[in-house]
Amino acid sequence: MKTATVLGSTGLVGKSLTQQLLDDARYASVTVLVRRPLARSGFRDPLNKLTPLVIDFDNLQDYQGYFTVDHVYCCLGTTLKQAGSKAAFRRVDFEFVHIAAQLARAQRADGFVWISSVGADSKSRNFYLKVKGELENAIMTMPQLKHAAAVRPSLLLGDRDEVRRAEQLGITISTLVKPLMVGPLRKYRPVSAHRVAQQMIGLQYF
């Protein structure tokens, strides 16, 4: 049986991923690293697999021991609006995820899977996609990291705690034109958070 650590378990994909890991008979324990105390009642956990730990993400490197697991899943991410600045956005979406990958490598985790974005490209003129692309390059070229993989979802479908009006507009438009999004455009179709979480687990080695 496997052990897992999840970063970003309170987000749209992170919640679904954590629940799927708790439901998965292949996992004996699931540790979630969070900023604030986690409401355990939000998850079905009859076998008591879940261990929530409140940490200081600004000092993520101090929690290396929690990466001594088989699989590490990183669902960390924010928006420019939430972050407040490009530097703060990069801090979360690049630096925190990159440090997590380094800790997974240091503790010899068997797999590290994280959320990137469709269109991620280090040469993109779009800041968001540029940061996502730079992160992909940094992690995929990291020596001695056993297995690393990223999912590249488009707009995410699901019930968020906060309202993202621009994203909701994008989802509405994409849903309307979805029948036309075939071939190379298929990857831009909105996707459910549940499906993304399934893909993340499917990318790990068992």
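The basis for the numbers below is simple: all heavy atoms, side chains too, and nothing from hydrogens, waters or symmetry mates. Everything numeric in this text was worked out from a predicted model, so none of it was measured.
In this structure, the salt bridge (Lys or Arg N to Asp or Glu O under 4.0 Å) partners of Lys130, at least two apart in sequence or on a different chain, are Glu134. Here Gln20 pairs with Ser16, His194 under the side chain to side chain donor-acceptor pair (under 3.5 Å) rule; sequence neighbours left out. Residues that satisfy the side-chain contact (heavy atoms from CB on, under 4.5 Å) test with Ser85, not counting sequence neighbours, are Ala87, Ala88. Ser116 meets the side chain to side chain donor-acceptor pair (under 3.5 Å) test with Glu136; sequence neighbours excluded. With sequence neighbours left out, Val113 forms a side-chain contact (heavy atoms from CB on, under 4.5 Å) with Tyr73, Ala149, Met200, Leu203, Gln204. Residues satisfying the side-chain contact (heavy atoms from CB on, under 4.5 Å) criterion with Asp62, sequence neighbours excluded, are Asn59. Taking Asp121 as the reference, nothing meets the salt bridge (Lys or Arg N to Asp or Glu O under 4.0 Å) condition, with sequence neighbours excluded. Residues that satisfy the side chain to side chain donor-acceptor pair (under 3.5 Å) test with Ser124, not counting sequence neighbours, are absent from this structure. When the side-chain contact (heavy atoms from CB on, under 4.5 Å) test is applied to Leu80, the partners found at least two apart in sequence or on another chain are Lys86, Phe89, Phe127. For Arg125, the salt bridge (Lys or Arg N to Asp or Glu O under 4.0 Å) test picks out no residue, with sequence neighbours left out.
No path of Ile, Leu, Val, Met, Phe, Trp and Tyr side chains, each step under 4.5 Å between heavy atoms, connects Tyr63 with Val6, placing them in separate hydrophobic clusters. Hydrophobic clustering of Ile, Leu, Val, Met, Phe, Trp and Tyr side chains at less than 4.5 Å, counting indirect connections, unites Phe94 with Met142. Residues Phe67 and Leu53 share a hydrophobic cluster, clusters being chains of Ile/Leu/Val/Met/Phe/Trp/Tyr side chains in contact below 4.5 Å. A single hydrophobic cluster is seen to contain both Leu50 and Leu17, as judged by linkage of ILVMFWY side chains at heavy-atom distances under 4.5 Å, directly or through other members. Grouping the Ile, Leu, Val, Met, Phe, Trp and Tyr side chains by contacts below 4.5 angstrom, directly or via other members, places Ile201 with Leu156.
To the nearest 0.5 Å, atoms CG (Leu135) and CG (Asn137) are separated by 9.0 Å. With rounding to the nearest 0.5 Å, the separation of NZ in Lys15 from CZ in Phe43 is 7.5 Å. Atom CD1 of Ile55 sits about 8.5 Å away from atom CZ of Arg35, to the nearest 0.5 Å. Interatomic distance, CG of Leu155 versus OG of Ser117, reported as 8.5 Å (0.5 Å rounding). Here the OG1-CZ distance, from Thr3 to Arg26, works out to 13.5 Å after rounding to the nearest 0.5 Å. One finds the CD atom of Gln61 at 9.0 Å from the CG atom of Asp56 (value rounded to the nearest 0.5 Å).
The nearest pair of heavy atoms linking Val54 to Pro37 is CG2-N, 3.6 Å. Nearest approach of Met1 to Ala25, heavy atoms of both residues: CE-O, 3.2 Å. For the residue pair Val97 and Val92, the shortest heavy atom distance occurs at CG2-O, 3.7 Å. The minimum heavy-atom distance linking Val191 with Ser154 is given by the pair CG1-N, 4.2 Å. Contact record, Phe96 with Leu60: O-CD2, 3.5 Å, taken as the closest heavy-atom pair. Between Phe57 and Leu33, the closest heavy-atom pair is CZ-O, 3.4 Å.
Using a distance-only test at 3.5 Å, with no hydrogens or angles considered, no donor-acceptor pair links the side chain of Asp93 to the main chain of Lys132. Between the side chain of Arg152 and the backbone N or O of Ala120, at least one donor-acceptor pair lies under 3.5 Å. Proximity of a side-chain donor or acceptor of Thr5 to a complementary backbone N or O of Val72 within less than 3.5 Å is not detected. Under the 3.5 Å distance criterion, the side-chain polar atoms of Lys49 are matched with a main-chain donor or acceptor of Leu22.
Sorted pairs that involve residues 191-206 and meet salt bridge (charged side-chain N to carboxylate O under 4.0 Å, His left out), not counting sequence neighbours, are lacking altogether.
The side-chain heavy atoms of Val34 and Ser9, taken from C-beta on, include a pair separated by under 4.5 Å.
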Can you give the donor-acceptor pairs under 3.5 Å from side chains of residues 99-110 to other protein atoms, not counting sequence neighbours?
unit_1	atom_1	unit_2	atom_2	d
Arg105	NH1	Pro143	O	3.2
Gln107	OE1	Thr68	OG1	2.6
Asp110	OD1	Lys146	NZ	3.3

